[in-house]
Structure formats: structure tokens, C-alpha cells
Amino acid sequence: MTNVLIIYTGGTIGMKQDSASMTLVPFNFGQILKEVPELRKFDLSIDAYSFDPAIDSSDVKPGFWVELAELIRDNYSRYDGFVVLHGTDTMAFSASMLSFMLENLEKPVVFTGSQLPIGMLRTDGRENLISSIEIAASERPDGTPFVPEVCIFFENELYRGNRTVKYSAEYFKAFQSPNYPLLAEAGIHINFNKPAISYPPTWGHPLSISTKIDTRVGVLKLYPGMSPQYVDTVLSMKDMRAIVIETFGCGNAPGEPWLLDRIRKAHEEGIIVVNVTQCAAGSVDMDTYATGIALKKIGVISAYDSTFESAVTKLYYLLGKYDDNSIVRVKLSENIRGEFSRK
Ligand code: ASP
């Protein structure tokens, strides 16, 4: 029988209103299972594990990712797939981070959650949970899993985790993957998009996890009217090893000498400078406009069409793995887990 482990970490899917504060707070996982009696109809063996305490995903931090990765590793041989119930706010960060931390992953790890708590009449949580379990348990005719990847399932769509962004705080369709096709779509059937799914060239490699996370990463969001003081404040972050610059359009920055000088200085001091576009869709291309070419000349590294979430978590992962920034620079340009559209 196929075995699936549900890991409940928190988030709206398992929240209820606190009568004193009238705010939403996470509740005990056992109550979620009571809310979804349909789970008994599955011809699967389903176990559940709950984080204690369950958290709002705004409180996610590196220790949480390590706990989650270790939990998956410790249960890896016993289960065919994993469903991670997680708050939507930072789900794209966690799915990206786990996609890097879980090395040689050959089983599905499906993140899902909901916009409305599972106890509410119009909840989207029940549907999301049931389909995610089905996806985590789905096998191809040769017995290998359909989606041996870290992914996010939401409102009938399955996305590659490190290609996904939360884009709506209102609609049930809360996520998008603007630069990568759906891995599957749930209608009457779950239709897997096999050409988009990444399969290992050979099966049977043991899972290993990389739990050293180095968060010495700064973020510089560009905006018209920003001041040199603002840029200096960001660049003065102590011990910073890398900085992600959120640029305009296809990777452009204002051509003002004071800005370029500061970026050059950071690069010369050994800080890794990564270029991510503020646009949800499309890619950094530092060969088209003078304002992008100037960054490339300085030595700024392109994140191509990565999401911001994946660029930051890829840095956390690589900086944790390698003390030498020159190795991190090389690895950043490699497509490690399908996080950008380059070989
Ligand atoms: N604040 C919640 C969380 O991310 C929102 C949600 O789950 O949708 O945990």
C-alpha cells in the first residue's frame, strides 16, 4: 500500500478565531483530520505529524527549514510521498528552500495550504489537501512517482516550488508560476505535464540534506528617487556575503555614477551581487540596455528568470555549503533544481 505522510506546520488551513483577541491562531492538527472525514476514503495509508507549536508562516526561519528537512529525511524510507501543510504567506520561500536542501530527492514533497480555514463552509483547504495527497501518492506505470519534486499545489494547479510566487492575498488562486509551466492540473483527472517535470537520470540515490543555511544576504530594492543614504544603509550590513539587487525590467538599474560606484565597491570587497528582476514574468538580460550592461561589466551575476524567493534561498543554501565565495559564484550560474530557464 502507498504511504503518505502529512506534515502540518501551521497556516490558515489549520487556524481558528481566538475568542479573546478575535485574531486567527493555529489550532491542533487532530481537528483538521476531523474536518476532512473524506480522507478515510483513500485507499492509502496516511499518517500525520504536527509541528509543535504550529506557526503562522510569517514566523518561518532557518531552524524551521532544518526541522522540516530532517523530518522528511528521517521518514523518507517509510513513505512514498509527503504533503506539507504550510501558511501561504511564505510558502514559496519554504518550497524553494527545501528544493535546494533536499539533495537527490526522488519522492514528491507537495506543499499546500488554504486561504480560508478548513473549518469554514467555503474553505479551499479541503480540496487542496485531498488533491495534494493524491498527487503525493501518484505513481507512473513503472512504479516511480509522477512528481519527484518539491512542488506547491493550490486551487487545482501544481507548480514547481522554486518557480512559484504568492500573488493574491484575496483569491483562492493565490499562487502563480509565471516563468514555468504547470506540473499538473486537477480537473476530473489529475493531468500531469510530464515534459515539465524533472526526473532523475537514474533512480535509487539516497536522499541527503544540506542543513547549513547562511543568511548573510542583503536585499537592495531599486526604486526611482532612492537616495545614496538608503543604498549605503543596506550595503553596510555587517558580514554580508551576498546581496540581491531587485532591478527594473530585464535587469536594469539607474546609470547614476554614485549607485554604480557603490555596487562596484561591494563587488570589489568580495560581496556576491545577484541581479533579480522586479517583474513577475520574464528574465534578467544584462546585454540589452546600457543600464544593464553597466551592471554586467561590474561583475553582477544574473539570476535569469528566478523568482526572488528562489534567488534568496539558493544563496542561503550555497553560502551554507561553501565558505569560498568564488565557488558560490560559479554555482549560482548553474541550474541546480530547475530554478531558472537555463541549462
Ligand atoms: N498568515 C497565514 C500564514 O501564512 C496565511 C495563510 O496561511 O494563508 O501562515
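Indexing begins at 1, ligand by ligand and atom by atom, following the structure's order. Just the heavy atoms: all of them, side chains too, but no hydrogens, waters or symmetry mates, feed the values below.
Between the side chains of N325 and R241, at least one donor-acceptor pair of N or O atoms lies under 3.5 Å.
The N/O atoms of D56, backbone and side chain alike, include one that comes under 3.5 Å of an N/O atom in ligand 1.
The pair R262-E256 fails the salt-bridge criterion, with no side-chain N (NZ, NE, NH1 or NH2) lying under 4.0 Å from an Asp/Glu carboxylate O.
Counting only distance, with no hydrogens or angles, the side chain of K166 and the backbone of M91 share no donor-acceptor pair below 3.5 Å. In this structure a side-chain-to-backbone donor-acceptor pair under 3.5 Å is missing from T291 to P254.
For atom 8 (O) of ligand 1, the nearest protein heavy atom (residue, atom name, distance) is T88 OG1, 2.4 Å. The nearest protein atom to atom 6 (C) of ligand 1, hydrogens excluded, is given as T12 OG1, 2.8 Å; this is a heavy-atom distance. For atom 4 (O) of ligand 1, the closest non-hydrogen atom on the protein side is S57 OG, 2.6 Å.
With ligand atoms numbered from 1 in the order given, ligand 1 contributes 8 (O) to contacts under 4.0 Å with heavy atoms of S114.
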Is there a side-chain contact (heavy atoms from CB on, under 4.5 Å) between L105 and Y76? Walk through the geometry before answering. CA-CA 10 Å; L105 181 70; Y76 196 68; 3.9 Å; yes
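Of all the heavy atoms of A174, none lies under 4.0 Å from any atom of ligand 1, so neither backbone nor side chain is involved.
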